[in-house]
Amino acid sequence: MLVFMLGVMLPAVALIGVGVWHLRTIQREKSIEAVFQREFQQVLAIAEKRIDARAFEIAEEARAKFPDATQGDQLEAFLASHSDITHAFLWTGKGHLEVQSQPDQMSDSETAKEGKELASMLGSWFDPESETKDWIAKLKKIEAMDGRHVYLTSNWVSRGDRWFYQSLVLFKARGSTAEHPAFAGFVYDTDYLSNKFFPQALNEVLPSQNGNDTSHPPVIMVRTAKDHTPFASSLCWDGGSPEVERSFDGVFPGMILGIKLRGTTIASINNHFVQTAFLILGALSLLMGGGMLLAYRNVARELALAKLKSDFVSNVSHELRTPLALIRLYAETLELGRISNPGKRQEYYEIIRKESERLTSLINNILDFSRIESGKKEYSFRETDVADLVRSTLESYRFEIEQNGFQFEQKIDNDLPQVYVDREAISRSLLNLVNNAVKYSGTEKYLGVNLYRHNGGVNLEVVDHGIGISAKEQPKIFEKFYRVSDPLVHDTKGSGLGLSLVRHVVQAHGGEVAVESEPGHGSKFIITLPVQTGEMQQAKGMTA
Ligand code: ADP
């Protein structure tokens, strides 16, 4: 048991404990959320880089088509072939700033207003004496470091009572020289950015989603710092707030990227994981507990059986030794020929006979038991008058029982049906019950045997007024080797086989054996034998 506890229970409990502790740590430290957040940060960093690269690419493409410094009158044609661009401008020297707006994108008044505002803003930008000309330095730096020729920044415009985000692109105009610097640029409109550029760029950033990979794919959006609703989003964006956000550093100042999982939140994934893990751990613990309980019960049963067997061996040896010693003693005494009194001699013969009978019945029990255990016990069923069988079985005992001071009552009904039984097996079962009744009678020496018709079959009862059996012990006494651990029982010899044999025999006859008993008031054992046809019994006999 100790080995079982140490070897199985302790590791199992430790395993469960570690599992629970581990899950609690995950729960407390929100480890899964942290992993997601790290991943999302990385995705957003990559997204920003790619979106920047794409913005540069298309701005460079447009710059390549931009009229050179001497072709200020070509701006309108440039705009006509670039519907995504709202305003284009060219600065060729102080006071020479031309701003051209896309004519059909807004109402005339709005276009004119925006054009004017842009012109005034750019006028101050391009003024070599102005303070706000640091973008020229930036442009130079970009050219030197990245080999790029365009500088992108944001431009907010108000239309009505709302503010709109535009992207402003600036570059050195073709044909610009050190003596005659010329700068040009254009403005991408809000609609183009939010309906075309960003959605496309965002979708390209995300891994392709064919819907089967995962039920909660990452989705991404971009918003302006002034507004929490998405400015643009990838396909499948399902609303809600992003789990992780990242501000654009360079190309789209004032824009913020956001990422989340479609249809769920990281917190709920974390919770779900922990809950499922706890459930699995719980189920495994239950299984483990169940397994251990079974193992424990098995070990306990084996131990109990081992003890019963060793008790059995010592009981049987004792039971064999006593009659053998008596037989030897009386046989030797007779052999010496010193007993002249015939009465005494007769008494010795009787003792020798009785003790040999005891030996025979004990050995019969052991043989029957071993046949039953090895599945070799065979019965030969014959149509029998049970009343006759019971009478003749008891007859040889009656005298002895009564001589021992027992009050013996035998009630046998007259109109009993014929029953198919194995005569010897039933007779031995009856003797086992009678022997028990005598053995466990204590001072109340009464033995009753009743045989009567019951439910078409017959009932055979053996009644005593002896020590009785407690309700707790009653189901156990029919088990092999089992003996009640009561001092009254321990003083009596026995092997613990009798009742288990009775039950086996009776069941092989299709019947049952039951006990009714009260400690101190005696016991009643009832064998119920059904009336069965010869064929049925024969079939049973083969398999018994
Ligand atoms: P045993 O050889 O010990 O008598 P049995 O299988 O015949 O073995 O009986 C099992 C146990 O049932 C006995 O040890 C005894 O404790 C109890 N028992 C059997 N018959 C009686 C009875 N008539 N009165 C009280 N206890 C009994």
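Just follow the structure's listing: the first ligand is 1, and inside any ligand the first atom is 1.
- Each of the following atoms of ligand 1 lies closer than 4.0 Å to a heavy atom of Val484: 14 (O), 16 (O).
- Taking atom 4 (O) of ligand 1 as the reference point, the nearest protein heavy-atom neighbour is Tyr440 OH, 2.7 Å.
- If you check the side chains of Tyr330 and Glu347, you find no donor sitting under 3.5 Å from an acceptor.
- For atom 3 (O) of ligand 1, the closest non-hydrogen atom of the protein is Arg483 NE, 2.4 Å.
- Among all protein heavy atoms, the one lying closest to atom 7 (O) of ligand 1 is Asn436 ND2, 2.8 Å.
- Under 4.0 Å from ligand 1, the heavy atoms of Val489 that appear belong solely to its side chain.
- One finds no salt bridge joining Lys411 and Glu461 here, because no Lys/Arg side-chain nitrogen approaches an Asp/Glu carboxylate oxygen to under 4.0 Å.
- Under a 4.0 Å heavy-atom criterion, Phe478 is not in contact with ligand 1.
- Judged purely by atom type and a 3.5 angstrom limit, Asp385 uses its side chain to pair as donor or acceptor with the backbone of Ala387.
- Summary of contacts: the protein heavy atom closest to atom 6 (O) of ligand 1 is Leu499 N, 2.8 Å.
- Electrostatic pairing of Glu204 and Arg50 does not count as a salt bridge here, judged by no charged N lying under 4.0 Å from a carboxylate O.
- Close approach to Gly498 involves these atoms of ligand 1, each under 4.0 Å from a residue heavy atom: 5 (P), 6 (O), 7 (O).
- Classification of Arg371 and Asp368 as a salt-bridged pair holds, one side-chain N sitting under 4.0 Å from a carboxylate O.
- Of the protein's heavy atoms, Ile477 CG2, 3.3 Å lies nearest to atom 12 (O) of ligand 1.
- Ring centroid separation for the pair Phe369 and His504 does not come in under the 6.0 Å cut-off.
- Arg24 and Gln27 share a side-chain donor-acceptor pair at under 3.5 Å.
- Taking 4.0 Å as the cut-off, Ser495 counts as a neighbour of ligand 1 on heavy-atom distance.
- Among all non-hydrogen protein atoms, the one lying nearest atom 11 (C) of ligand 1 is Tyr482 O, 3.8 Å.
- In this structure, the protein non-hydrogen atom closest to atom 23 (N) of ligand 1 is Asp464 OD2, 2.8 Å.
- Looking at atom 26 (N) of ligand 1, its nearest protein heavy atom turns out to be Ile469 CG1, 3.3 Å.
- Interatomic distance, Ile220 CD1 to Ile51 CD1, rounded to the nearest 0.5 Å: 6.0 Å.
- Residue Lys439 approaches ligand 1 through these ligand atoms, each under 4.0 Å from one of its heavy atoms: 1 (P), 2 (O), 4 (O).
- More than 12 heavy-atom neighbours from other residues, nucleotides or ligands sit within 6.0 angstrom of NZ on Lys354.
- The distance from ligand 1 to the heavy atoms of Gly496 drops below 4.0 Å at these ligand atoms: 1 (P), 2 (O), 3 (O), 6 (O), 8 (O).
- Here Leu433 has no heavy atoms under 4.0 Å from ligand 1, in either its backbone or its side chain.
- Looking at Glu473 against ligand 1, nothing comes within 4.0 Å, counting heavy atoms.
- Here Phe252 and Phe231 keep their ring centres 6.0 angstrom or further from each other.
- Comment: Arg353 engages Glu357 in a salt bridge, judged by a side-chain N to carboxylate O separation of less than 4.0 angstrom.
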